[in-house]
J.: 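Quick one: this structure, given as structure tokens, is what I'll be asking you about.
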2 protein chains.
Amino acid sequence: MSVQANLLAESSCESCPIRYRAVCARCEEDELALLDQMKSYKTYAPGQTIVWAGDKVQFVGSVVTGVAALSQTMEDGRRQMVGLLLPSDFVGRPGRDYAPFDVVAANEVTLCKFAKAPFEELLGRSASISSRLLEMTLDELDAAREWMLLLGRKTAREKIASLLTILARRDAHLRLASASSNVRFDLPLSREAMADYLGVTLETVSRQISALKREGIIELEGKRHVTVPDFARLMNETGDDSDGGMLT
Amino acid sequence: MSVQANLLAESSCESCPIRYRAVCARCEEDELALLDQMKSYKTYAPGQTIVWAGDKVQFVGSVVTGVAALSQTMEDGRRQMVGLLLPSDFVGRPGRDYAPFDVVAANEVTLCKFAKAPFEELLGRSASISSRLLEMTLDELDAAREWMLLLGRKTAREKIASLLTILARRDAHLRLASASSNVRFDLPLSREAMADYLGVTLETVSRQISALKREGIIELEGKRHVTVPDFARLMNETGDDSDGGMLT
DNA sequence: CCTTGGATTTGATCTTGATCAAGGTAAGGT
DNA sequence: ACCTTACCTTGATCAAGATCAAATCCAAGG
């Protein structure tokens with residue numbers, strides 16, 4: 001939910017459209033100038049690991065384009081994705097030196113980076129930035145907790161439908177679930193990545209997608225392009241309240 | 001993990017031992033005085049709902065004693081606990097008016113409350129409080145994400161062992177997993193609450209606890225009092241790395 | 001055009017944990 | 001002491017999803 005809220009927030013700015021929206025919604029001019037000085041861009045190839053869990057991390061930043069995934073792996077190889085980073089999402093942990101999780105580029109990802117130390121210094125002085133960052137973190141926490149409900153209590157079918165709903169909303173920039181029928185979008189994740197996100201196997205992902213297709217709830221062109229002829233019908237499969245969580 | 005980190009943080013203070021540690025680790029004297037003026041205490045009975053999801057919430061605060069649970073319920077009654085609030089944990093969401101989840105007292109809970117508006121006002125001025133709150137929120141986010149791994153990928157046995165480990169650590173104030181054998185503690189949660197936290201049924205919780213008992217990994221006196229004769233052996237059942245996540 | 005390898009789909013079977021159904025246990029009330 | 005009630009344990013059965021094992025698809029390269 002909160003991810004969407006973020007995407008739909010204030011309008012963007014020329015030089016770094018995403019960063020401005022995400023971190024600096026309420027920045028003063030001089031703060032923006034400072035941030036501009038310390039920013040840099042970097043692009044990562046699909047599948048590339050941006051940060052390894054346990055690494056010392058020297059930067060914070062925002063996703064500009066692409067999709068990155070936060071994930072954890074157990075010794076025996078079981079993997080769980082614990083967060084999706086979409087454009088405008090913040091990456092990094094002010095006040096913490098080591099990354100708690102892997103950050104992996106799901107497709108080609110561009111980050112807008114700030115050196116960590118000066119950013120933290122600015123954070124210590126600017127109430128506008130730190131309070132904005134607190135809000136964003138609280139939103140992430142809410143999103144994580146909604147995902148806990150999905151992981152702990154939803155069926156495989158509900159999990160898939162929930163993920164498709166989120167991706168569809170993101171791509172279509174829908175404000176309300178019911179706002180538009182016939183949504184089309186591309187899956188930014190492989191079946192395996194979806195499985196790791198949903199806490200199921202890739203076979204289960206494939207079977208559930210096939211089932212939704214067979215029932216006409218979604219249509220597929222190729223493996224990755226999805227059309228949802230009736231969004232409400234997909235929503236009905238998520239197990240969520242019909243209001244789409246707009247209250248939060 | 002982070003919950004433990006919090007508990008093991010700086011020493012406490014006379015008038016409101018918990019709050020000082022949690023929110024005001026780096027407060028100035030005058031900020032403490034302000035907080036003292038606006039604080040009040042309230043006690044809730046076991047099972048009582050402190051906040052309903054969707055409610056307008058007028059306070060923030062800290063847990064002083066007892067255990068409270070954050071939880072979500074689906075229309076058909078499926079329930080998932082999405083956070084445990086132990087003494088010193090922060091409750092509430094500065095900058096947000098409505099509660100996203102239910103908050104329920106698992107046993108008798110005492111809260112130290114601050115009126116939300118003046119607290120937020122202080123937050124807007126005090127870099128020390130807002131940065132501390134950001135850190136605490138990031139810790140909660142890490143804890144939520146570790147729980148996602150548990151919910152998505154661990155077996156029932158690993159889930160139970162993980163929960164027991166966390167509760168044992170909390171109660172025994174262990175610094176390291178291996179620091180002490182023969183840990184004893186009381187379960188603050190019913191079987192049903194544990195089930196809702198772990199994303200399984202209460203029967204599964206009961207069976208797995210019985211299995212661990214049968215194998216001598218834990219001992220039970222009554223339903224609630226647990227003894228762990230060899231902590232490392234319990235840890236081995238959690239599926240986690242042996243280091244116990246001390247790096248984060 | 002053909003080959004190749006990764007990604008995906010599909011099928012058959014198995015396992016874990018859910019569900020359904022009794023019993024057991026202990027604290028509190030009468 | 002006896003009953004009530006809430007909570008917990010245990011057993012039998014079932015089903016969702018995991019696992020194992022082929023096919024199939026398709027884009028990239030030769």
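Sequence lines set the chain letters: A, B, ... in the order given, protein chains first and strands last, and positions in each chain run from 1. These numbers were taken from a predicted model, which means no experiment stands behind them.
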J.: Rounded to whole Å, please give me the gap between NZ in Lys213(B) and P in dT10(D).
T.: 6 Å

J.: Considering non-hydrogen atoms only, spot the tightest contact between Val104(B) and Gly47(B) and give its length.
T.: CG1-O, 3.7 Å

J.: Could you tell me how far apart Lys159(B) (NZ) and dG17(C) (P) are, to the nearest whole angstrom?
T.: 8 Å

J.: Quick one: does Asp76(B)'s side chain have a donor or acceptor within less than 3.5 Å of a partner on Arg78(B)'s backbone?
T.: yes

J.: Give me the bend of the helix from dC1(C)-dG30(D) to dT30(C)-dA1(D), using the axes of the five pairs at each end, rounded to 10°.
T.: 30°

J.: Can you check the Ile209(B) CD1 to dT10(D) P distance for me, whole Å?
T.: 11 Å

J.: May I have the distance from Ile160(B) (atom CD1) to dC8(D) (atom C1'), rounded to whole angstrom?
T.: 13 Å

J.: N/O contacts under 3.5 Å, protein versus nucleotides 4-8 of chain C?
T.:
residue, atom, partner, partner atom, Å
dT8(C), OP2, Arg191(A), N, 3.2

J.: Could you go through residues 208-219 of chain B and list every donor-acceptor pair under 3.5 Å that involves a side-chain atom there, pairing it with any protein atom two or more places apart or in another chain?
T.:
residue, atom, partner, partner atom, Å
Ser210(B), OG, Ser206(B), O, 2.9
Glu215(B), OE1, Arg157(B), NH2, 2.8
Glu215(B), OE2, Arg157(B), NH2, 2.4

J.: Rounded off to whole Å, could you give me the CZ-to-P distance for the Arg214(A) and dT9(C) pair?
T.: 12 Å

J.: Rounded to whole Å, please give me the gap between CG in Leu220(B) and P in dT25(C).
T.: 15 Å

J.: Write down the protein N/O and nucleotide N/O pairs, taken from nucleotides 12-15 of chain D, whose separation is under 3.5 Å; answer none if there are no such pairs.
T.:
residue, atom, partner, partner atom, Å
dA12(D), N6, Arg207(B), NH2, 3.4

J.: Would you check if the side chain of Arg153(A) reaches a backbone N or O of Arg79(B) as a donor-acceptor pair within less than 3.5 Å?
T.: yes

J.: Between P on dA18(D) and CZ on Arg79(A), what's the gap in Å once rounded to a whole number?
T.: 16 Å

J.: Is it true that the side chains of Thr238(B) and Ser162(B) contain a donor and an acceptor less than 3.5 Å apart?
T.: no

J.: Nearest whole Å is fine: how far is dA26(C) P from Glu221(B) CD?
T.: 13 Å

J.: Measure from the side-chain N and O atoms of Asn107(B) to the backbone N and O of Val67(B), and report whether any donor-acceptor pair falls under 3.5 Å.
T.: yes

J.: Do side-chain atoms of Arg224(B) reach the backbone of Leu187(B) as a donor and acceptor pair under 3.5 angstrom?
T.: yes

J.: Only counting residues at least two apart or in another chain, list the ones meeting side chain to side chain donor-acceptor pair (under 3.5 Å) with Arg191(A).
T.: none

J.: Can you sort out the partners of Val82(B) under side-chain contact (heavy atoms from CB on, under 4.5 Å), two or more places apart, ordered by chain and number?
T.: Arg145(A), Met148(A), Leu70(B), Gln72(B), Gln80(B), Phe101(B)

J.: Keeping the roles fixed (side chain from Asp186(B), backbone from Pro188(B)), state whether a donor-acceptor pair exists under 3.5 Å.
T.: no

J.: For a quick test of reading the model: is some side-chain N or O of Thr204(A) closer than 4.0 Å to OP1 or OP2 of dG17(D)?
T.: no

J.: Can you check whether Phe59(B)'s main-chain N or O pairs, donor with acceptor, with Lys113(B)'s side chain at less than 3.5 Å?
T.: no

